[in-house]
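These numbers were taken from a predicted model, which means no experiment stands behind them. All heavy atoms count here, side chains included; hydrogens, waters and symmetry mates do not. Sequence positions, counted from 1, serve as the residue numbers for this chain.
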Amino acid sequence: KAFMSRENIFKLFQLPLKNKNFSRLLVFISGWVFAVNIAAPFFTVFMLTTLGLSLSYVIALGILSQVSSIFTIRIWGRFADRYSNKTIIALGGPLYILCIIAWCFVGLFGYYGNFILLILIQIFSGISTAGINLSLTNIGLKLAPQQDAIVYLSVKNIISAIFSSISPLIGG
């Protein structure tokens, strides 16, 4: 049986930071979530103000992205098992970047053309983030000692949350 260490919580949270490979993963995650979340709020504002979509449509598009993520997580898991987590990141990262580039074309078409493009962007954004998040969690689990895996994943999630919340503030 593997149980969590019975150390002070602050000492436990320092363990992942002392692990060189895990620290490199944390740097990558920090950069990734910072970059993703610095741009994301502007897309919502763009849809509401420039495109004139109602809040209901914007929320529905967000839900579509999440549903796409949910439906593809198992597929990404099979690919990660068959190939590698780094391969999934190498596929998901550029796919997400293509989705951001696709935003350059939103607004060039009529109402229905723009809405179809928005639907496609949301679907593929959800697909790509599912693969990336799954792979980053898998890599974090592989780098963590079994006894302290929960501590390592907690630190990963804390770092991710900090950079996810700071980036829109800086972007705004």
Side-chain angles (χ1 to χ4, degrees), residues 1-45 61-103 121-172:
K1 292 181 179 180
F3 295 100
M4 192 169 82
S5 300
R6 299 202 181 271
E7 298 248 355
N8 178 312
I9 191 75
F10 297 108
K11 287 183 181 179
L12 285 174
F13 280 170
Q14 291 174 2
L15 289 175
L17 303 176
K18 293 177 182 176
N19 182 319
K20 189 176 181 177
N21 285 333
F22 198 81
S23 292
R24 289 185 6 209
L25 175 66
L26 291 177
V27 169
F28 176 81
I29 290 170
S30 302
W32 175 256
V33 298
F34 185 85
V36 167
N37 289 301
I38 203 165
F42 295 107
F43 298 139
T44 302
V45 172
L61 288 168
I63 291 170
L64 178 63
S65 179
Q66 294 301 313
V67 169
S68 300
S69 181
I70 291 166
F71 283 140
T72 58
I73 194 86
R74 181 174 283 182
I75 296 166
W76 282 122
R78 286 189 200 125
F79 283 148
D81 291 342
R82 185 176 299 152
Y83 302 106
S84 73
N85 290 304
K86 288 182 181 180
T87 302
I88 301 308
I89 293 171
L91 292 170
L95 179 59
Y96 191 82
I97 292 168
L98 286 173
C99 290
I100 291 177
I101 292 170
W103 276 98
I121 289 171
Q122 294 301 318
I123 289 171
F124 286 106
S125 292
I127 290 169
S128 63
T129 55
I132 293 166
N133 292 337
L134 174 76
S135 295
L136 292 176
T137 300
N138 285 346
I139 291 170
L141 281 170
K142 287 181 180 180
L143 292 175
Q146 187 177 11
Q147 181 177 358
D148 295 319
I150 191 72
V151 173
Y152 275 64
L153 288 182
S154 295
V155 168
K156 177 189 104 38
N157 290 335
I158 289 169
I159 296 294
S160 179
I162 288 169
F163 281 89
S164 292
S165 61
I166 289 173
S167 59
L169 295 174
I170 291 173

Query - Contact summary for G171 and F42, nearest pair of heavy atoms - result: O-CZ, 3.1 Å

**Report entry** Heavy-atom check, side chain of I88 versus side chain of Y83, under 4.5 Å
**Finding:** no

Query raised in the report: Using 30° and 60° as the class limits, which term best fits the ring planes of F28 and W32: parallel, tilted or perpendicular?
Result: parallel

Report task. Look up atom CG in L134 and atom CD1 in I75, then write down how far apart they are to the nearest 0.5 Å. Result -> 12.0 Å

Query raised in the report: Counting only N and O atoms by type, is there a donor-acceptor contact under 3.5 Å from the side chain of S23 to the main-chain atoms of L17?
Result: yes

**Report entry** Min side-chain heavy-atom separation F79-L91 under 4.5 Å
**Finding:** no

Report task. Taking D148 for its side chain and V151 for its backbone only, find out whether a donor-acceptor pair lies under 3.5 Å. Result -> no

Query - Value rounded to 0.5 Å, distance of OG1 in T137 from CD1 in I29 - result: 7.5 Å

Report task. Classify the angle between the aromatic ring planes of Y152 and F22 as parallel (below 30°), tilted (30 to 60°) or perpendicular (above 60°). Result -> perpendicular

Requested in this report: Please step through side-chain contact (heavy atoms from CB on, under 4.5 Å) for the pair V36 and I132, ending with a clear verdict.
Outcome: CA-CA 12 Å; V36 167; I132 293 166; over 6 Å; no

Query - T87 and S84: side chain donor to acceptor below 3.5 Å - result: yes

Query raised in the report: What distance do L95 atom CG and I89 atom CD1 have between them, rounded to the nearest 0.5 Å?
Result: 13.5 Å

Query raised in the report: V155 and Q14: side-chain contact (heavy atoms from CB on, under 4.5 Å), yes or no, with the steps?
Result: CA-CA 9 Å; V155 168; Q14 291 174 2; over 6 Å; no

**Report entry** Between CG on residue L136 and CG on residue N157, distance to nearest 0.5 Å
**Finding:** 10.5 Å

Report task. Enter the distance from I123:CD1 to L61:CG here, rounded to the nearest 0.5 Å. Result -> 9.5 Å

Query raised in the report: Between A144 and A149, which heavy-atom pair has the shortest distance, and what is it?
Result: CB-CA, 3.8 Å

Query raised in the report: Yes or no on side-chain contact (heavy atoms from CB on, under 4.5 Å) for F34 and I170, after CA distance, side-chain angles and deciding distance?
Result: CA-CA 10 Å; F34 185 85; I170 291 173; 3.9 Å; yes

Query raised in the report: Are the side chain of S69 and the backbone N or O of S65 linked by a donor-acceptor pair below 3.5 Å?
Result: no

Query raised in the report: Got a donor-acceptor contact below 3.5 angstrom from the S125 side chain to the I121 backbone?
Result: yes

Requested in this report: Start with the C-alpha distance between F13 and I158, add both sets of side-chain angles, then the distance that settles side-chain contact (heavy atoms from CB on, under 4.5 Å), and finish with yes or no.
Outcome: CA-CA 10 Å; F13 280 170; I158 289 169; 4.0 Å; yes

Query - Closest heavy-atom pair and its distance - S30, L26 - result: OG-O, 2.7 Å

Report task. Please round to the nearest 0.5 Å and tell me the distance separating atom NZ of K142 and atom CG of N21. Result -> 13.5 Å

